[in-house]
Amino acid sequence: MRISGAKNAALPIMAAALLTDQPCRLENVPRLADVDNSIAILTELGASVDRGAENTLTITAAGSIGSSVPYERARVMRASILFMGPLLARNGEAILAKPGGDDIGMRRVDQHVAGMVQMGASVDEDEGNFICRAEHLTGADILLDMPTVTGTENLMMAATLADGQTTISNAAREPHIADLAHALNTMGARISGAGSDRIEVEGVARLGAGNHRVCPDYLEAGTYAIAVAATGGEVMLVDFPAVDLRSLVTKLRMAGVLVEVEAEGVRVRREGPIRPVDLITWTHPGFATDLQPQYTALMTQAAGTSVIQEFLFENRFNYVSELNALGANIELFPHRRGIRVHGPSALRGNAVTIPDIRAGAALMIGAMCAGGGTTLSGVEHLDRGYEDMAGKLSQLGAQVREGAVRAVDSPGEAIAGAE
């Protein structure tokens with residue numbers, strides 16, 4: 001099975017197309033609800049977006065581009081904050097609502113704002129909107145309190161057209177940040193260090209056309225690797241970014257899962273019982289918080305007790321009650337920053353509700369491990385983050401039926417023997 005392009009790379013690169021009036025052609029863009037929402041924002045701002053075959057987009061932001069991101073669009077997608085930097089750099093003004101998205105805890109944008117102010121912008125708040133203005137942006141030496149991903153991306157995009165050099169220290173190091181920098185550099189930006197904790201941007205007068213292929217989605221790859229481990233199958237995952245998933249691969253191998261890097265991809269196979277392995281999430285290259293719920297679903301099948309701790313988002317365990325409804329035995333710590341998972345649990349089908357994207361993936365994995373049928377409501381969350389998850393899982397042997405809710409029937413080995 002081939003891994004799709006990364007949502008978290010595609011969305012900032014799409015926003016970055018506003019930094020130039022020349023065409024930007026993007027390949028390997030996943031077909032997701034969040035991508036559709038970004039296309040709608042770009043179109044309403046005045047850009048043209050042409051969708052080609054095989055997941056390609058051509059974005060041309062020629063002529064006059066608006067400065068105000070539509071309120072109803074911003075409120076449903078946290079990545080709408082990524083339009084702040086490009087609009088401020090291009091127009092000297094950006095107006096957008098405080099972003100919405102998954103309710104997994106506080107994800108403040110104060111570091112975005114502080115960095116823009118250091119570069120010469122004024123940022124005010126009015127009835128839930130950010131109003132950013134700058135006659136011109138000037139390079140600055142920015143130290144982030146915490147390596148925020150969207151903050152790093154926003155500041156990096158704004159800095160491409162700023163006067164002088166910008167240094168972003170304690171920058172986030174996720175692979176999609178390096179992919180954004182690569183895309184910007186094809187447009188004529190001068191960015192070095194992306195993927196490390198120190199990024200340097202030498203501002204240029206203008207950017208030109210771009211042509212970029214979006215990197216594979218390491219979160220999708222990790223999700224399917226965990227699903228294979230949980231259900232006891234074997235799958236060859238093509239375009240599996242193993243270097244970006246070292247923490248997960250280490251944990252899977254400790255749990256008794258075979259993970260082999262081969263010429264055509266990465267083969268994942270479970271041969272025996274799953275062993276319990278504790279986990280702590282952290283910023284990249286630590287274990288990704290966006291893979292923690294899926295890992296918890298895997299640990300429900302482990303022979304023993306595992307402790308999973310989450311230090312990035314306080315509401316990240318909002319799926320625990322739903323997994324328990326499938327028959328899992330998970331205790332939430334009183335401080336809500338950790339859980340204890342007792343296994344192995346004989347999961348059973350039930351009706352559950354998906355609270356966010358990654359929790360939805362965890363519940364899909366739980367449903368495939370369960371005996372009997374499971375119905376999932378709130379599937380719009382999955383459609384925001386995974387390209388055709390139902391189709392891909394069905395291709396691998398899971399029994400998934402579409403509808404207003406998604407139904408999953410599993411004998412307990414949904415992905416066994418698939419390629």
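All values derive from a computational prediction rather than experimental measurement.
- Listed for the T20 side chain is a donor-acceptor partner under 3.5 Å among the backbone atoms of Q22.
- Figure legend: cation-pi geometry between R358 and Y386, with NZ or CZ positioned under 6.0 Å from the six-membered ring centre and within 45° of its axis.
- R51 CZ: more than 12 foreign heavy atoms inside a 6.0 Å radius.
- Side-chain N or O atoms of D163 include none that pairs as donor or acceptor with a backbone N or O of G203 at under 3.5 Å.
- Salt bridge status for R31 with E387: absent, with no side-chain N to carboxylate O gap under 4.0 Å.
- Counted within 6.0 Å of CD on E135, heavy atoms from surrounding residues, nucleotides or ligands total 12 or fewer; the atom is thus considered open.
- Side-chain atoms of T283 do not come within 3.5 Å of backbone N or O of P147 as any donor-acceptor pair.
- Atom CD of E54 sits in a sparse spot, with 12 or fewer heavy atoms from other residues, nucleotides or ligands closer than 6.0 Å.
- The existence of a salt bridge linking E220 and K392 is confirmed by a sub-4.0 Å separation between a basic side-chain nitrogen and an acidic carboxylate oxygen.
- One N or O on the side chain of N154 and one on the backbone of I81 form a donor-acceptor pair closer than 3.5 Å.
- No donor-acceptor pair under 3.5 Å is formed between the side chain of H176 and the backbone N or O of N8.
- Not a single donor-acceptor pair under 3.5 Å links the side chain of N211 to the backbone N or O of T186.
- Applying the ring-ring contact (aromatic ring centres under 6.0 Å, His included) criterion to Y295, with sequence neighbours excluded, gives F287.
- Between the side chain of Q111 and the main chain of D145, a donor-acceptor pair closer than 3.5 Å is present.
- In this structure, E202 does not pair ionically with R190, as no charged nitrogen and carboxylate oxygen lie closer than 4.0 Å.
- The closest donor-acceptor contact from the side chain of N170 to the backbone of L143 lies at 3.5 Å or more, if one exists at all.
- Note: H182 and H212 have tilted aromatic rings, judged against thresholds of 30 and 60 degrees for the angle between ring planes.
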